[in-house]
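Letters go in sequence order (proteins before strands), and every chain restarts at 1. All heavy atoms count here, side chains included; hydrogens, waters and symmetry mates do not.
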Number of protein chains: 2
Amino acid sequence: MTRSIVGLRCVRFVAKRLLSFPRVVHGVNVSAVTDSLDWDHVEPPAARRLVQGAIDAFAERGFQATTTRDIASRAGMSPAALYVHYPSKERLLFEISLYGHNAALEILRSADTGGAPADRLRSLVAAFTAWHARHHTIAHVVQYELNALSPEHLAEVATIRRAISAQIEQVLTDGVQDGSFAVPDLPGTTLAVLSLSIDVARWYTPHRGDPDALGKLYADLAHRMVQA
Amino acid sequence: MTRSIVGLRCVRFVAKRLLSFPRVVHGVNVSAVTDSLDWDHVEPPAARRLVQGAIDAFAERGFQATTTRDIASRAGMSPAALYVHYPSKERLLFEISLYGHNAALEILRSADTGGAPADRLRSLVAAFTAWHARHHTIAHVVQYELNALSPEHLAEVATIRRAISAQIEQVLTDGVQDGSFAVPDLPGTTLAVLSLSIDVARWYTPHRGDPDALGKLYADLAHRMVQA
DNA sequence: GTCTATACATCGATAGAC
DNA sequence: GTCTATCGATGTATAGAC
């Protein structure tokens with residue numbers, strides 16, 4: 001008896017998964033929109049599916065317009081099941097935003113391999129830009145859903161954002177010091193360089209070209225903005 | 001009798017206005033956030049107050065998180081009164097978005113006064129950037145609430161957006177032609193120049209400096225990005 | 001850990017008096 | 001053209017069975 005119930009449940013679950021993937025919304029296939037960022041650290045798999053569904057939904061409609069029903073449905077479960085894994089919709093956003101911010105910072109840090117300031121800047125901008133293109137879905141959530149975070153959670157990601165900004169500013173400072181850069185307004189130019197990459201998350205879609213090629217172009221443009 | 005009722009209403013109305021202005025939200029005074037863009041063409045004044053309240057609310061919380069009650073309250077009227085002037089919340093957004101896009105395009109066109117491509121580019125970028133800073137509230141709505149528009153309304157503003165893009169691209173094309181610019185990737189660089197200015201609407205607040213000074217800085221950076 | 005069912009609040013928009 | 005009152009839909013989150 002118990003076995004048959006379990007069996008029925010499994011079948012039902014599989015059927016639901018098959019029915020819900022791929023999904024077509026407004027004529028556009030939005031299945032597996034979530035990019036290749038690793039979410040393996042999220043356990044159990046049901047929680048991971050929720051995170052991936054939430055990223056897609058938040059990027060597509062925005063946090064406020066996304067319903068918990070939508071997120072749960074993308075993860076192949078009922079609305080109530082969401083609350084077993086996350087205490088609120090906002091908490092789900094926070095987990096995504098926090099991990100996304102850390103991933104972006106890590107990309108920047110691992111791209112800063114030393115050498116001449118010009119080479120470092122080019123490497124940083126190329127990596128940061130390509131990340132925003134390649135992971136445009138989560139990048140969109142990271143950059144444009146900040147005001148949906150609670151004040152406490154916002155403060156936490158703001159710390160990471162300051163570290164990201166500091167990473168760029170340091171390279172510009174070094175370049176000014178050794179004379180390879182001419183930067184009249186250091187904070188303003190730092191923000192402009194960041195802006196260039198961040199705004200990619202607003203407009204990028206896969207059909208707009210290769211992320212690495214875009215990174216190279218933007219590295220070029222950023223370098224020209226500051227070179228002496 | 002009739003007179004006394006009218007009198008009472010006027011008093012009540014004035015009292016409501018005094019109570020609702022200035023407003024403090026989350027410890028921040030948000031009164032008269034709406035910038036100096038002319039909304040004199042919106043008649044009657046009640047409709048104008050709705051537009052101004054909606055701009056502030058949309059920029060502050062986003063379209064989806066803004067309630068019609070909030071908009072009406074900022075305009076000093078009841079929720080129902082909104083529907084006398086606008087048939088829906090989305091229509092209010094569309095009016096704002098349409099006028100904002102047209103204003104931005106007009107700024108660009110009037111800044112393009114001829115001369116050398118370098119001077120034209122600097123003038124365009126300075127004006128477009130300063131506009132996004134000075135009118136950052138409506139610019140935020142213009143740039144970041146597009147997906148809340150109906151498909152038909154989105155198509156209409158998209159036409160204006162293409163004209164804005166074309167204006168920048170033309171200057172770059174002219175500069176390449178006369179040899180003053182070196183632009184390997186014309187569409188990509190056009191987008192990058194636009195990005196720089198547009199992203200201002202994401203981060204700008206009045207305490208971050210003078211819009212015109214920012215415009216000059218960005219004109220400089222954009223020029224350096226493309227000069228031969 | 002997932003389900004069905006639902007509590008409870010709030011939203012966009014409407015009805016009808018004045 | 002503004003109000004009060006409210007409809008019907010929908011949202012987040014919870015209760016309790018399994």
Side-chain angles (χ1 to χ4, degrees), chain A residues 1-17 19-20 42-51 53-54 57-58 61-94 148-150, chain B residues 1-17 19-20 42-51 53-54 57-58 61-94 148-150:
Chain A
M1 180 62 171
T2 300
R3 198 141 66 171
S4 74
I5 287 177
V6 170
L8 274 173
R9 283 199 171 166
C10 284
V11 167
R12 203 164 44 161
F13 178 75
V14 168
K16 209 171 258 183
R17 291 275 296 172
L19 282 174
S20 62
V42 179
E43 285 286 353
R48 188 156 56 240
R49 292 203 313 274
L50 283 168
V51 165
F58 292 160
R61 316 182 198 282
F63 175 82
Q64 299 283 356
T66 298
T67 67
T68 52
R69 281 172 171 82
D70 184 12
I71 297 169
S73 155
R74 288 174 193 250
M77 63 184 78
S78 76
L82 186 151
Y83 294 90
V84 173
H85 303 284
Y86 296 95
S88 69
K89 192 175 77 160
E90 190 274 342
R91 182 58 189 251
L92 200 37
L93 172 66
F94 172 59
L149 291 169
S150 74
Chain B
M1 182 61 174
T2 300
R3 198 139 68 170
S4 74
I5 288 177
V6 170
L8 274 173
R9 283 198 171 166
C10 285
V11 168
R12 204 163 46 161
F13 179 73
V14 169
K16 209 171 262 185
R17 292 274 298 171
L19 283 174
S20 62
V42 179
E43 285 285 353
R48 188 156 58 240
R49 292 202 313 273
L50 283 169
V51 165
F58 291 160
R61 317 183 199 282
F63 176 83
Q64 299 284 358
T66 297
T67 68
T68 52
R69 283 168 173 80
D70 183 13
I71 296 169
S73 155
R74 288 175 193 249
M77 62 183 78
S78 77
L82 185 151
Y83 293 90
V84 173
H85 304 283
Y86 295 94
S88 68
K89 193 174 74 159
E90 190 274 341
R91 182 59 189 251
L92 200 37
L93 172 66
F94 172 59
L149 292 169
S150 73

Quick note, Ala80(B) side chain, CB onward, closest among dA15(D), dC3(D), dG1(C) is dC3(D)
Within the pair Thr68(B) and dG12(C), is there a side-chain N or O less than 4.0 Å away from OP1 or OP2?
yes
Expressed as a whole number of angstroms, how long is the span from Ile71(B):CD1 to dA13(C):C1'?
13 Å
Of the listed nucleotides dT2(C), dT2(D), dA13(C), the one nearest the side chain of Ala46(A):
dT2(C)
Specify the separation, in whole Å, of atom OH of Tyr86(A) and atom P of dG1(C).
12 Å
On a heavy-atom basis, the closest approach of Ala57(B) and Arg74(B) is CB-NE, 3.6 Å
Separation of Gln64(A) atom CD from dT10(D) atom P, in whole Å?
18 Å
Taking for each residue the nucleotide of DNA chain D with the nearest heavy atom, is it Thr67(A) or Pro87(A) whose nucleotide lies nearer the 5' end?
Thr67(A)
Which whole-number value in Å describes the distance from Leu92(B) CG to dG12(C) P?
11 Å
What is the distance from NE2 of His85(B) to P of dG1(D), rounded to the nearest Å?
6 Å
Within the 4.5 Å heavy-atom criterion, are His85(B) and Pro44(B) side-chain neighbours or not?
yes
Whole angstrom value for the distance that separates C1' of dG11(D) from CZ of Arg69(B)
14 Å
Could you tell me the separation between the CZ atom of Arg91(B) and the C1' atom of dA13(C), rounded to a whole number of Å?
16 Å
N/O (side chain, Tyr83(A)) to phosphate O (OP1/OP2, dT14(D)) under 4.0 Å:
no
Supply the atom-to-atom distance Met77(B) CE to Leu50(B) CG, rounded to the nearest 0.5 angstrom.
4.0 Å
Given Arg61(A), which of Asp70(A), Thr66(A), Thr67(A) fulfils the side chain to side chain donor-acceptor pair (under 3.5 Å) condition?
Asp70(A)
Rounding to a whole Å, what distance do you find between Met77(B):CE and dT2(D):P?
5 Å
